[in-house]
Amino acid sequence: MEKEKRSLFQRFLLWREKNIKEKQFILILSFLVGIFTAITALILKMLIHWIQNFLTNNFNTTEANYLYLVYPVVGIFLAGLFVRYVVKDDISHGVTKILYAISRRQGRIKRHNTWSSVIASSITIGFGGSVGAEAPIVLTGSAIGSNLGSVFKMEHRTLMLLVGCGAAGAIAGIFKAPIAGLVFTLEVLMIDLTMTSLLPLLISAVTAATVSYITTGTEAMFKFHLDQAFEMERIPYVIMLGIFCGLVSLYFTRAMNSVEGLFGKLKGPYQKLALGGVMLSILIFLFPPLYGEGYDTIELLLNGTSNADWDTVMNNSFFYGHGNLLLLYLMLIILFKVFASSATNGGGGCGGIFAPSLYLGCIAGFVFAFFSNKFDFSYYLPEKNFALMGMAGVMSGVMHAPLTGVFLIAELTGGYDLFLPLMIVAASSYLTIIVFEPHSIYSMRLAKKGELLTHHKDKAVLTLMKVENVVEKDFVVVHPEMDLGELVKAISASRRNIFPVTDKSGILIGIVTLDDIRNIMFRQELYHRFTVGKLMTAIPARLYDTDSMEQVMRTFDDTKAWNLPVVDEEGHYLGFVSKSKIFNSYRQVLVHFSED
């Protein structure tokens, strides 16, 4: 039966190759990716809301609830067990994993990523983990695209495009934001914008959004009604809000990296769980709005019209009924949100920073306007409008993606009337953070290792190349104790004019070039007088098998050499890399990478 099924599938592949052109089949696959990612996004949202409602339905709104100390720890513990014993692979940093798959794995993402992130993140967030479901669903969508392409034996350039289709579909499906899904893929995942890539991305995004509309209605995710139209006199304050959001983004990025670094130093999973669990449960107990994604708080700040409405953000806590402390309460949430999110992931949970950046932005914009109005620094600034703009500002800063910030917030809320101030805030925030951080929170880990694919064509091609693919190994190895006669025999058996010299353990200690011995190599009376140890010269530079191609090219430029040896970390000789080999490989990759 198995063989019969396999042969049927193979027959389908052959039929497809004959009857459906490659470009048309890619469009069909992008349509399927859009459907599957939208359904997966809906399942994830349903699971999160069901778990949350089941656990918190009977909570008392007028006082603190001590179960907040228990639920988050249970959530990250269960998610950690699931990842450790069922998945047996790291599934955190979803968007970073996609960037790595595009730049280093030719668009291949492991099969378990099509479901593992959904289960782990629904447990984490449902039990109160202070992270978002978007990065896990983006990884899931990209994995669906990658694996669907692999099933149909598509080449790696198509796999990379289908990874982008999955990400676009995931954003479009979970937020009902097709334009944001498309722009996110172009801005954050660095998929090149060509006519070949644009149409599949658009089909996936539109299909996913349509499935979401059919299943959950056509209303925007967050209801927003513009009470006060934007006035041009407020532009200076909008720019100031953008700068403030940029600084909040910088704080969020650096604090998250610091806390993650702290968790990285802990060895055992139970140490991480203990530290993450204690941090998270205490913070959620004191500040219940930190529970889960925080979308209820966003809804409240965007739709509230008076202090009485906004004060309800302090329900379920010790601060209930202390409306005079609202500003302090929200400022403390801005301060501690990053610790809650880092503790969730560091302790063993699974989630992304999409929702935390929206959440932080909303509160930052609200605090900015509320503070200004309270102390009469300017004429009235509508809090809900500035809360909306703040969402675009912090998202633009954290992700280094101003267009994604603008379009996502406009589509999420239907706030198109504020399109101009959204653009101003997003641009101001982005310009503020790039002064301090050249890479987004997603890409900085890969940028440090030289593994980040960018829109810079030259760097992108070098990133796609690997040292191991350009190493030449047809050089004859000689040893220092060999005499000139033995060296001449080695020369006669070689087609190269460079001879690496290694000791008995294979450590590279020097080289002999044909030019160095040309004047004595035919004088037989000297054959036993000279040894390779006396004739060898120092190496201008060593390349390591872990070097990025950008580092390799830099070393060639510094040394002006045409050939350089490659060694491993212990110094064992592996082969040579030549400029001509690099240039040939570079040209092949560039032609392949640039085909439209």
Side-chain angles (χ1 to χ4, degrees), residues 43-61 63-94 112 115-137 140 256 259-260 262-264 266-297 315-318 333 336-353 355-356 359:
I43 291 169
L44 177 58
K45 285 169 77 173
M46 277 168 43
L47 283 172
I48 290 171
H49 292 150
W50 182 81
I51 295 171
Q52 277 185 349
N53 291 336
F54 180 76
L55 296 176
T56 63
N57 203 27
N58 297 319
F59 274 15
N60 194 331
T61 58
E63 59 185 40
N65 293 277
Y66 288 92
L67 282 173
Y68 279 135
L69 291 168
V70 180
Y71 287 159
V73 183
V74 173
I76 57 177
F77 175 66
L78 292 175
L81 287 177
F82 171 75
V83 171
R84 201 156 54 251
Y85 295 111
V86 178
V87 181
K88 298 178 183 176
D89 189 21
D90 177 28
I91 58 172
S92 61
H93 302 308
H112 72 73
W115 54 269
S116 53
S117 294
V118 172
I119 296 172
S121 59
S122 62
I123 295 169
T124 302
I125 301 165
F127 275 84
S130 196
V131 285
E134 293 74 28
I137 199 62
T140 302
M256 178 159 276
V259 179
E260 281 186 357
L262 175 66
F263 277 98
L266 299 176
K267 293 178 182 177
Y270 293 106
Q271 285 180 301
K272 294 178 181 179
L273 172 66
L275 178 60
V278 169
M279 280 176 64
L280 182 61
S281 58
I282 290 173
L283 285 172
I284 290 177
F285 177 66
L286 294 174
F287 305 100
L290 293 176
Y291 189 98
E293 296 169 298
Y295 286 159
D296 291 341
T297 304
N315 285 358
N316 304 312
S317 74
F318 286 126
I333 286 177
F336 290 124
K337 175 65 176 177
V338 64
F339 293 97
S341 297
S342 302
T344 303
N345 284 333
C350 174
I353 53 121
Y359 178 86

*asked:* Let's go through Ser121 and Leu44 carefully: what are the C-alpha distance in whole Å and the side-chain angles of both, what is the deciding distance for side-chain contact (heavy atoms from CB on, under 4.5 Å) to 0.1 Å, and is it a yes or a no?
replied: CA-CA 8 Å; Ser121 59; Leu44 177 58; 3.4 Å; yes
*Quick one: pull up CD1 in Ile333 and CG in Leu286 and give me the separation to the nearest 0.5 Å.*
10.5 Å
_Ser342 backbone acceptor or donor facing Glu260 side chain under 3.5 Å_ = no
_Main chain of Gly351, side chain of Asn345: is a donor-acceptor contact present, judged purely on distance under 3.5 Å?_
yes
*How long is the gap from NZ on Lys337 to CD1 on Ile353, to the nearest 0.5 Å?*
11.0 Å
*Of all the heavy-atom pairs spanning Gly349 and Thr124, show the shortest one and how long it is.*
CA-OG1, 3.5 Å
_Given Tyr66, Phe336, Tyr71, Tyr291, the one that forms ring-ring contact (aromatic ring centres under 6.0 Å, His included) with Phe285_ = Tyr66
*asked:* Quick check against the 3.5 Å criterion: does Thr344 have a side-chain atom that pairs as donor or acceptor with the backbone of Ser130?
replied: yes
*Look up atom CG in Leu280 and atom CG in Leu69, then write down how far apart they are to the nearest 0.5 Å.*
10.5 Å
*Mind checking the OG-CE spacing from Ser341 to Met279? Nearest 0.5 Å is all I need.*
10.0 Å
*Non-hydrogen atoms of Tyr359 and Gly294 that approach each other most closely*: CD1-O, 3.4 Å
*Could you give the distance from OG (Ser122) to CE (Met46), rounded to the nearest 0.5 Å?*
11.5 Å
*What's the spacing between Tyr68 OH and Ser281 OG if we round to 0.5 Å?*
13.0 Å
*For Pro289 and Thr297, work out which heavy atoms get closest and say how close.*
CB-OG1, 3.6 Å
_I'd like to check Trp115 versus Thr140 (side-chain heavy atoms, cut-off strictly below 4.5 Å). Are they in contact?_
no
_Using every non-hydrogen atom in the two residues, find where Ala79 and Ile123 come nearest and quote the distance to one decimal._
N-CG2, 4.1 Å
*Flag the pair Gln52 / Ile125 as yes when at least one side-chain heavy-atom distance between them is below 4.5 Å, and no otherwise.*
yes
*For residues Leu67 and Pro72, report the shortest heavy-atom separation together with the two atoms involved.*
O-CD, 4.4 Å
*So Leu266 and Leu275, side-chain contact (heavy atoms from CB on, under 4.5 Å) or not? Walk me through it.*
CA-CA 9 Å; Leu266 299 176; Leu275 178 60; 3.7 Å; yes
_Test side-chain contact (heavy atoms from CB on, under 4.5 Å) on Val131 and Glu293; report intermediate values, then the result._
CA-CA 6 Å; Val131 285; Glu293 296 169 298; over 6 Å; no
*asked:* Both conditions, 6.0 Å and 45 degrees, for the charged tip of Arg84 above the ring of Phe77: are they met here?
replied: no
_Can you tell me how the ring of Trp50 sits relative to the ring of Phe54, calling it parallel under 30°, perpendicular over 60° and tilted otherwise?_
parallel
*Specify the closest pair of heavy atoms between Leu55 and Gly126, including all atoms of both residues, with the distance to one decimal.*
CD1-O, 3.8 Å
